[in-house]
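See below for the structure under consideration.
Labels below follow one simple rule: chain letters A, B, ... track the order of the sequence lines, proteins then strands, and each chain is numbered from 1.
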Number of protein chains: 2
Amino acid sequence: MLMPRRRPTSAQCPMDTILRRLMGPWTTYILWLLYSEGPLRFGAIKAKMPDISSKVLTDRLRDLESYGLINRDYRPSIPPSVTYSMTARANELHEVLEGLNMIALKWANEDAINQDQEHPMMEIMAETQN
Amino acid sequence: MLMPRRRPTSAQCPMDTILRRLMGPWTTYILWLLYSEGPLRFGAIKAKMPDISSKVLTDRLRDLESYGLINRDYRPSIPPSVTYSMTARANELHEVLEGLNMIALKWANEDAINQDQEHPMMEIMAETQN
DNA sequence: CTGTATCCGATATGATACTG
DNA sequence: CAGTATCATATCGGATACAG
């Protein structure tokens, strides 16, 4: 007897939910863009992510919107204009994203050193949110 | 002309890599277990995750190991014993995971209130790492 | 006890074309 | 400009059986 397929989840782990929302693929980068560059239009986001299709970008934006992480401002001009921005809730992620980014850069640097002793590119993406 | 299928990635976003490693499914919970309970044997982990199959648990453990986030201690006794534990690198995630967990709990609580005004279960999973 | 080996099917990404 | 519609296929989780 087949059970209806459940989504794999570790419901016991609160982080799991949040990570599923932050994660993938592209999602984090979208948040990062809005976070570091402020509100952006659909086309502007797409321009910064040349390899994403309209369909997937739309999907990801809809996901983020439904999670309450981004706002969608629609202006029915001709042609229409849609601008996306982070919500207050998403801004609560500030510290965490900052910490995650620092660790990510640190590890990337360490990995680079381990794989190639010659090019330990230590570019701290000194990102300024203030 | 078909291009070879690439994995979807936002290589520009350092966090993306790290989130792919932390994330799913089950991965976060495995880390959380090792983090909050200390080293555990394969069977002990599986016992705490009744819904995961051996295959997937093995996959996740191998992934985490290859990322340098967990150690695998193999004792060729009879029967064999394998114990998993977090690496020093994984412990660097402590602060971030703590922050993420707090946000996750906060949002889960807010969502519960919004969806049902009666059961705003505010259980702070007062997890103590010290 | 700690896994491997297969096979299957759900899901989601990607390409492409098209629209208000 | 900002999407939607369709279709193809890669990927990965899950079940089951088996092994050192």
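A straight line from CG of A:L61 to P of C:dT13 spans 13 Å, rounded to a whole angstrom. Following rounding to the nearest Å, A:R60 (CZ) and C:dT11 (C1') show an atom-to-atom distance of 11 Å. Rounded to whole Å, the distance from CD1 on B:I30 to P on C:dT2 is 14 Å. For the pair A:I45 CD1 and D:dG3 C1', the interatomic distance rounds to 13 Å; values are reported in whole Å. C:dT2 atom P lies 14 Å from atom CD1 of B:I70, rounded to whole Å. Spacing between atom NZ of A:K55 and atom P of C:dT19 amounts to 19 Å, rounded to whole angstrom units. The separation between A:D59 atom CG and D:dT6 atom C1' is 13 Å, rounded to whole Å. Distance CZ (B:F42) to P (C:dT4): 8 Å, rounded to an integer number of Å.
Dashed line: the shortest gap from a side-chain N or O of A:R72 to OP1 or OP2 of D:dG3 is under 4.0 Å. Between C:dA12 and A:R20, no contact under 4.0 Å exists linking OP1 or OP2 to a side-chain N or O. A close approach under 4.0 Å does not occur between any side-chain nitrogen or oxygen of B:R41 and OP1 or OP2 of C:dC1.
The two residues A:N71 and A:M86 come nearest to each other via the heavy atoms OD1-O, 3.6 Å. Across every non-hydrogen atom of B:I70 and B:L61, the tightest pair is CD1-O, 3.4 Å. A pairwise comparison of heavy atoms in B:T83 and B:P39 identifies CG2-CB, 3.7 Å as the closest pair.
Proximity of the aromatic rings of A:Y29 and A:W26 is defined here by a centroid distance below 6.0 angstrom, and this criterion is not met.
The side chain of A:W26 sits closest to C:dG14 out of D:dA2, C:dT4, C:dG14. In this structure, of C:dC1, C:dT13, C:dA5, it is C:dT13 that holds the atom nearest to the side chain of A:V56.
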* Asked: Can you check side-chain contact (heavy atoms from CB on, under 4.5 Å) on B:S85 and B:D73, steps first, answer last?
  -> CA-CA 8 Å; B:S85 57; B:D73 297 321; 4.3 Å; yes
* To do: Please assess A:D63 against A:R20 for the test salt bridge (Lys or Arg N to Asp or Glu O under 4.0 Å), listing each intermediate value before the final yes or no.
  => CA-CA 11 Å; A:D63 288 345; A:R20 280 167 187 279; over 6 Å; no
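A:W107 and B:E92 form a side-chain donor-acceptor contact under 3.5 Å, judged by distance and modelled atom types alone.
Sorted by residue number, the members of residues 74-81 of chain A with any non-hydrogen atom under 4.0 Å from DNA chain C read A:P80.
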